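To start, the structure itself, in structure tokens.
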Amino acid sequence: MRQLIAGTWKMHGLSREAEAIATPLREAGILGRDLLVCPPATQIAAVARILAGSAVAVGGQDCHYATHGAHTGDISAPMLRDAGATHVIVGHSERRQDHHETDDQIRGKAMAAIAAGLTPIVCVGETGIEREEGREFGVVGRQLAGSLPDGFAGVVAYEPVWAIGTGRTATEGDVADMHAFIYGELVRRFGAAGEGILILYGGSVRPANAAALLAVPHVGGALVGGASLKAEDFLAIARAA
Ligand code: PGA
């Protein structure tokens with residue numbers, strides 16, 4: 001399976017910055033891995049235009065579970081698709097925390113994404129306290145059970161909350177254990193189809209640690225925050241072997 005290197009810019013990127021990050025990606029020849037960037041919603045159409053015809057796909061960072069309606073400020077999956085997106089991240093821990101998103105809502109968002117022809121990237125991950133208390137597998141197992149719809153056709157991202165934006169990454173052993181656990185859960189629920197679901201690792205992925213993390217069994221790629229804001233770092237991660 002080809003690994004997917006996805007970058008999320010979070011709430012970063014005015015027009016000039018978006019152009020500066022996306023333009024060098026256009027010509028980047030990356031062999032053997034798929035690339036995706038998820039700009040803020042206001043930049044999706046512009047970035048999709050810059051990257052049209054390149055090997056880099058464009059995604060959203062969230063979508064609503066409805067296709068349209070009276071939901072001020074929200075953006076639907078068909079709108080993302082219309083703007084040029086092929087993927088959408090749902091259930092990122094910052095959405096779970098800042099917007100109190102529940103597994104039920106995230107499952108609805110994943111279903112909306114699939115119905116709109118987008119590939120959802122569903123995020124799961126335990127907090128630092130949950131890991132200290134030895135509850136990481138229980139928490140992630142519950143998030144998977146609640147957030148993934150039946151017949152799930154998408155990507156899962158394991159992002160330990162304590163590793164996001166902190167410069168601390170999980171050890172390769174911890175990543176191996178959790179990815180093996182997630183793989184087991186996916187196969188148990190989805191059978192053979194579960195074997196083909198990519199499981200990304202996210203949380204302080206950098207050029208310096210990417211090769212080691214991407215070599216861990218059942219790691220299907222990376223979800224990169226901070227380091228995706230510099231094209232050169234993002235490309236270094238994508239090239240890490
Ligand atoms: P980070 O963010 O790479 O800045 O830690 C990762 C993420 O939130 O997906």
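On a predicted model such as this, the values are computed, not experimentally measured, just so you know. The analysis underlying the following values was restricted to heavy atoms, covering all of them including side chains, and did not include hydrogens, waters or symmetry mates.
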Please report the shortest heavy-atom distance between [X] and [Y], naming the atom on each side.
X    : Y    : value
A57  : T86  : CB-OG1, 3.5 Å
A28  : L235 : CB-CD2, 3.4 Å
F137 : D177 : CE2-O, 3.9 Å
P40  : W9   : CD-CE3, 3.9 Å
A240 : A210 : CB-CB, 3.8 Å
L198 : G220 : CD2-O, 3.7 Å

Between side-chain atoms of residues 181-194 and protein atoms elsewhere (two or more places apart, or another chain), which donor-acceptor pairs fall under 3.5 Å?
from	atom 1	to	atom 2	distance (Å)
E185	OE1	R188	NH2	2.8
E185	OE2	R188	NH2	3.4
R189	NH1	A145	O	3.4
R189	NH1	L148	O	3.0
R189	NH2	L148	O	2.8
R189	NH2	D150	OD1	2.8

Heavy atoms, side chains only, cut-off 4.5 Å: are [X] and [Y] in contact?
X    : Y    : result
F234 : I21  : no
R107 : D104 : yes
I5   : V205 : no
C38  : H92  : no
R168 : S204 : no
Q43  : S15  : yes
I197 : V156 : yes

Hydrophobic clustering (ILVMFWY, side-chain heavy atoms < 4.5 Å, transitive) - are [Y] and [X] grouped together?
X    : Y    : answer
F152 : Y65  : no
L223 : V155 : yes
I237 : L51  : yes
V175 : L144 : yes
I199 : L36  : no

Once salt bridge (charged side-chain N to carboxylate O under 4.0 Å, His left out) is applied, what residue pairs with a partner in [range] remain, sequence neighbours excluded?
range            : answer
residues 29-50   : R2-D34
residues 215-235 : none
residues 6-30    : K10-E94

Could you verify whether a donor N or O on one side chain and an acceptor N or O on the other, from H100 and Q105, lie under 3.5 Å apart?
no
May I ask you to decide if [Y]'s main-chain N or O and [X]'s side chain share a donor-acceptor pair within less than 3.5 Å?
X    : Y    : value
S228 : G225 : yes
Q61  : A41  : no
H179 : H218 : yes
E159 : S93  : no

Just list the side-chain donor-acceptor pairs under 3.5 Å for residues 108-129, sequence neighbours left out, or say none.
from	atom 1	to	atom 2	distance (Å)
K109	NZ	D62	OD1	2.8
K109	NZ	D62	OD2	3.4
K109	NZ	C63	O	3.2
K109	NZ	E101	OE2	2.9
E126	OE1	Y158	OH	2.9
E126	OE2	R131	NE	2.7
E126	OE2	R131	NH2	3.2
E126	OE2	Y158	OH	3.0
E126	OE2	W162	NE1	3.0
T127	OG1	E130	N	3.2
T127	OG1	E130	OE1	3.3

Worked check of side-chain contact (heavy atoms from CB on, under 4.5 Å) between R206 and T169
CA-CA 10 Å; R206 303 280 181 267; T169 47; over 6 Å; no
Going by atom type alone, with no hydrogens or angles, which donor-acceptor pairs under 3.5 Å involve a side-chain atom of residues 68-77 and a protein atom two or more places apart or on another chain?
from	atom 1	to	atom 2	distance (Å)
H71	ND1	H64	NE2	3.4
S76	OG	T67	O	3.0
S76	OG	M79	N	3.3

Between Q143 and D103, does a side-chain contact (heavy atoms from CB on, under 4.5 Å) hold up when you go through it step by step?
CA-CA 6 Å; Q143 289 175 337; D103 287 330; 4.0 Å; yes
R95 CZ to Q97 CD distance, which is reported to the nearest 0.5 Å
12.0 Å
